[in-house]
Amino acid sequence: MADKFLVIDGSSLIHRAFFALPPLMTKQGVHTGAVYGFCNMLVKLLGDVKPKWLAVAFDKSRKTFRTEMFADYKGQRKPTPSELSEQFPLARRLLEAMNITVLETDGYEADDIIGTFAVHAPQNAEIIIVTGDKDELQLLDDRVKVYFTKRGISDIKAYDVAAFAADYEGLSPKQLIDLKGLMGDSSDNIPGVPGVGPKTALKLICEYGTVEKVLENIAQISGKSLKEKLENNKDAALLSKKLATIFTEVPVDLDLDKYELKAMSDEARPLMQELEFRNLHERFQTILGGSDGTFDLFGESIGQENANIEIALLETAEQGKEFFALLQQKQEKVAFTAVCGGELPKIHFTAVEIFNDGKIYKLQEGSGAWNFFYEWLSDYKQLKVTCDSKEIYKACMCLNKKADGIVDDIDIAAYLIEPGRSSYSLKAVAERYLAANNGGNAADLQALLPLIEQKLRDYELYKLYTEMELPLAYLLAKMELAGIKPDVKLLESITKEMAVQITALEILAEEQAGEKFNLKSPKQLGVLLFEKLGLPIIKKTKTGYSTDVSVLEQLEGSHPLITTILEHRKLTKLHSTYLEGLRPLINPATERIHTHFQQTVTATGRLSSTDPNLQNIPVRTEIGKRIREIFIPGTGYDWLMSCDYSQVELRVLAHMAQDKLLLESFLNGQDVHARTAAEVFGVPLEQVDSMMRTRAKAVNFGIVYGISDFGLAKQLDISRGEAAEYIKNYFARYTGVKKYMDDTVNHAREQGYVATMFGRRRYLPDIRHSNFNLRSFAERTAINTPIQGTAADIIKIAMLKVEQALSDAKVKSRILLQVHDELVLEVMETEKELVAQLVKKAMESAASLSVPLTADVAWGKNWAQTK
DNA sequence: GTTGTCACG
DNA sequence: ACGTACGTGACAACC
């Protein structure tokens with residue numbers, strides 16, 4: 001077989017890597033995420049492909065940035081030109097230090113250079129192109145293969161001529177340019193034929209072969225409008241084809257000797273150190289010195305499950321016994337994944353995969369090996385790596401088995417490393433961090449481990465991970481399994497009662513409006529209020545008139561209908577979300593509601609709750625409180641107890657900012673909002689009235705959120721000038737808070753992240769964005785996250801302490817819910833006083849701050865009474 | 001699938 | 001001057 005020449009499209013891959021990797025920043029504030037991702041991929045490619053020659057091409061034409069290319073990255077931020085432009089020189093510098101040839105030629109793009117090699121490189125080389133640019137598929141031929149990175153940079157699809165034909169209805173790679181000629185490409189400014197998309201283009205080219213042939217045969221093409229479009233855009237089509245054709249005559253050195261792989265230069269190591277790429281140098285050194293790469297990147301191995309990994313089924317007891325006895329000998333961590341099925345209280349394992357010695361060992365339902373697995377799972381000396389440990393704990397609890405020795409949960413680790421991501425499924429994490437992955441199996445888990453461990457160390461997250469989050473997963477499993485008991489009869493009666501009221505309001509609304517309409521449709525309501533009734537338009541949304549509460553409240557009085565709608569809104573919200581919505585989530589077997597606590601969702605470290613969300617059960621209004629009456633102690637218990645922190649976030653702020661006045665307020669046990677009012681309005685504490693206190697309370701909230709005069713004005717319905725005055729007065733008095741806010745934003749700007757008291761990090765790439773809005777948002781986030789996040793850390797510690805205290809005291813009472821600053825427990829009459837005292841103490845001692853942490857206990861026969 | 005609205009901390 | 005409070009999840013309507 002011919003030696004391989006790896007030609008890499010550096011420009012497109014760095015674009016891709018920018019999105020695929022964490023927003024890394026060095027201590028000096030240099031963005032390195034994309035370069036790091038690129039290097040990771042490179043090292044993997046070198047190991048897998050083992051090329052003899054290597055070159056990396058970069059664009060050097062007027063179009064350096066092609067952010068449009070990322071149109072498909074919905075919801076994700078596009079890189080700014082300045083952030084991107086930092087990545088290219090950095091990558092070039094690094095590649096040069098590694099003695100890797102970097103090619104860029106004035107006036108040409110990377111794909112032109114690559115195209116030139118594809119056509120003109122000496123025939124003794126097999127060429128492998130690596131790119132994120134689909135256009136380059138046109139270069140495929142018998143000796144040219146293309147590794148195309150689909151999403152991110154790790155999901156690679158390997159194309160040869162056959163694979164291309166399979167994806168493109170049998171077309172040849174050269175016909176890609178004909179396709180483009182018809183369909184165009186907005187990201188490349190290729191017009192194509194307007195109105196002809198990928199589908200039509202593919203059909204036409206399949207039938208006629210080339211753009212020219214299509215144009216010759218317009219008469220035979222069916223569809224009048226299509227005919228016209230083609231007829232009117234002949235020139236555009238031909239021009240587009242020309243534009244889509246990669247230029248293959250760039251003056252580059254075709255002497256392969258120049259590209260042969262060499263050892264890295266002495267500059268590589270210090271540079272990598274400067275960039276804080278801790279283990280990259282070593283990995284490159286091993287590879288460049290010849291490695292034993294496990295994957296053959298071409299052929300079956302990419303993008304297919306379990307490509308090269310052998311799966312052995314453990315079917316019989318004998319096989320299980322033998323395998324787990326062997327596993328027993330191992331000292332190191334073993335990766336396993338579990339698939340669970342069924343509903344509470346009967347969740348069980350349906351399949352388990354264990355990675356060992358390069359193979360995956362699998363247990364399925366009906367296997368005789370399960371008991372040996374459970375034995376292994378319960379052995380705390382057998383260290384295990386897994387993902388979604390909470391589900392595993394739940395399954396074990398249902399099966400009356402024990403899970404111990406789980407020392408890593410990749411989901412949680414990945415969340416701590418990048419808490420802003422949207423998914424931490426093993427598949428997603430594997431695709432993000434592993435160049436060659438298996439779509440998320442136990443082998444990927446094992447492969448991820450060293451990377452994740454390194455990152456946890458680099459980011460100083462280990463303590464948080466092992467002492468807080470991992471144990472918490474177990475506690476959350478217990479809480480979910482416990483669930484909470486609803487009073488079904490009460491639920492039904494309130495549901496009916498409210499339905500009657502809603503119907504009455506709908507009839508009234510129809511009378512008042514003079515026509516029938518859907519009160520729940522903001523669109524219909526907008527038309528009615530602002531067009532038919534001619535009420536003033538106060539606010540607009542992206543798509544039409546706003547009809548939210550603040551708008552309706554301002555309109556109240558100008559038409560009787562408004563009050564009806566407000567009342568209707570309130571009732572239907574409660575009715576559909578908390579009454580009708582709750583009923584199907586009552587577990588028929590346990591007759592309890594089992595929420596799901598999400599541990600890897602929020603960017604700040606808080607938990608979230610879903611199916612149902614029990615963290616937003618109404619409490620603020622009288623009618624809302626009735627819904628809390630539905631939640632009652634279950635069989636065997638007598639009380640619901642709630643214990644909530646008083647002003648945690650402001651206490652955290654007082655501690656972190658070390659602000660003199662705020663510390664004083666809490667140390668003297670003052671009403672903190674009243675004190676703020678006294679300071680802001682410049683009156684003695686005794687003269688603070690309720691309106692002043694309300695406003696000061698809003699100021700305090702605003703501070704925690706990263707205040708703006710506009711936001712405060714809106715909240716209090718006062719003028720912007722007045723709000724600005726409050727803020728000015730606040731900062732004049734609370735100078736420590738002001739300094740804290742400035743310092744925090746500066747820290748974020750310099751380090752690229754903010755952290756909580758317990759080291760939880762959040763990276764804020766936008767903190768240096770040139771866009772004012774994005775930057776401002778990042779600045780407010782920088783202020784809020786350490787406060788909200790520290791409070792979240794504190795209650796997580798408190799939960800673990802409470803759990804420990806309850807178990808030490810051997811009581812049956814248990815934690816059911818966490819609502820950010822509140823714990824809800826189910827308590828036995830005989831344990832009531834003891835539990836109240838234990839819980840209060842555990843919560844108040846969860847962290848030691850410069851001010852006391854106080855928690856208030858209350859109990860009742862339902863959740864509404866615990867306030 | 002996205003948008004508007006609104007429930008909670 | 002820029003346009004704005006921080007963090008969530010669920011529902012109904014509309015596309």
Side-chain angles (χ1 to χ4, degrees), chain A residues 74-75 419-420 517-526 539-552 565-566 568-582 584-585 595-598 601-621 623-625 627-628 644-645 647-649 653 698-716 720 723-724 727 754 762 769-789 791-792 795 817-823 863:
Chain A
K74 275 198 185 137
F517 71 106
N518 186 350
L519 279 84
K520 291 178 207 157
S521 161
K523 201 177 163 193
Q524 290 181 35
L525 187 60
K539 202 162 67 172
K540 284 195 165 183
T541 66
K542 263 184 277 186
T543 51
Y545 316 109
S546 171
T547 64
D548 68 18
V549 226
S550 71
V551 170
L552 295 180
I565 293 163
L566 277 168
H568 184 267
R569 278 262 175 87
K570 214 172 269 170
L571 289 181
T572 50
K573 176 77 180 182
L574 298 178
H575 189 259
S576 63
T577 307
Y578 302 105
L579 297 170
E580 294 292 10
L582 218 47
L585 293 164
T595 185
H596 299 81
F597 286 106
Q598 310 298 330
V601 167
T602 72
T604 54
R606 278 188 175 182
L607 297 177
S608 87
S609 156
T610 57
D611 307 302
N613 180 354
L614 292 184
Q615 290 181 321
N616 72 346
I617 300 298
V619 71
R620 291 172 186 171
T621 61
I623 175 95
K625 271 185 206 157
I627 291 178
R628 290 211 167 197
D644 66 309
Y645 277 123
Q647 312 288 358
V648 239
E649 293 193 348
L653 176 62
V699 172
N700 278 332
F701 274 108
I703 294 296
V704 170
Y705 295 154
I707 202 156
S708 76
D709 53 5
F710 187 92
L712 183 64
K714 198 168 85 184
Q715 179 67 33
L716 288 176
R720 200 166 156 170
I727 295 169
V754 288
R762 179 175 183 182
H769 208 287
S770 56
N771 179 315
F772 176 85
N773 279 329
L774 292 175
R775 190 174 63 248
S776 301
F777 189 19
E779 287 169 358
R780 293 195 295 274
T781 313
I783 291 165
N784 176 260
T785 297
I787 303 171
Q788 189 183 122
I795 196 161
L817 305 176
Q818 186 252 48
V819 193
H820 310 307
D821 64 355
E822 172 191 9
L823 296 181
W863 196 3

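Chain A is the first sequence line, chain B the second, and so forth, proteins listed ahead of strands; every chain is numbered from 1. Quantities reported herein were computed from a predicted structural model and do not represent experimental measurements.
If you check every strand for non-hydrogen atoms under 4.0 Å, A:T572 touches nothing. Using a 4.0 Å heavy-atom distance criterion, A:I617 is classed as a sugar-phosphate-only contact. The residue A:K573 sits close to a base: some heavy atom pair falls under 4.0 Å. If you check every strand for non-hydrogen atoms under 4.0 Å, A:R720 touches a base. The residue A:A713 sits apart from the nucleic acid: no heavy atom pair falls under 4.0 Å. Using a 4.0 Å heavy-atom criterion, one finds that A:T785 contacts no nucleic acid atom at all. Residue contacts for A:N616: at a heavy-atom cut-off of 4.0 Å it reaches a base atom on one of the strands shown. Within 4.0 Å (heavy atoms only), A:A603 reaches sugar-phosphate atoms of the nucleic acid but no base atom. A:V819 comes within 4.0 angstrom of the backbone, heavy atoms only, and of no base.
The pairing partner recorded for B:dC6 is C:dG9, the criterion being a Watson-Crick or G-U wobble arrangement whose two distances lie under 3.5 angstrom.
The distance from atom CG of A:D611 to atom P of C:dG9 is 10 Å, rounded to the nearest whole Å. Rounded to whole Å, the distance from CG on A:L585 to P on C:dG9 is 15 Å. If you measure from atom CZ of A:F701 to atom C1' of B:dC8, you get 12 Å, rounded to the nearest angstrom. We find that CD of A:Q788 is positioned 17 Å from P of B:dC8, with the value rounded to whole Å. A:Q715 places its CD atom 12 Å from the P atom of C:dC6, with the value rounded to the nearest Å.
Side-chain atoms of A:R569 and base atoms of B:dG4 include no donor and acceptor less than 3.5 Å apart. A donor N or O paired with an acceptor N or O is not found under 3.5 Å between the base of C:dT8 and the side-chain atoms of A:S608.
Residue order along DNA chain C, read from the 5' end via each residue's closest nucleotide, puts A:P419 first among A:S521 and A:P419.
C:dC2 and B:dC6 have their P atoms separated by 28 Å, given to the nearest Å.
When atom types are taken as modelled, the side chain of A:T595 and the backbone of A:T610 share a donor-acceptor pair closer than 3.5 angstrom.
Taken from CG in A:L571 to CG in A:L566, the straight-line distance is 11.0 Å, to the nearest 0.5 Å.
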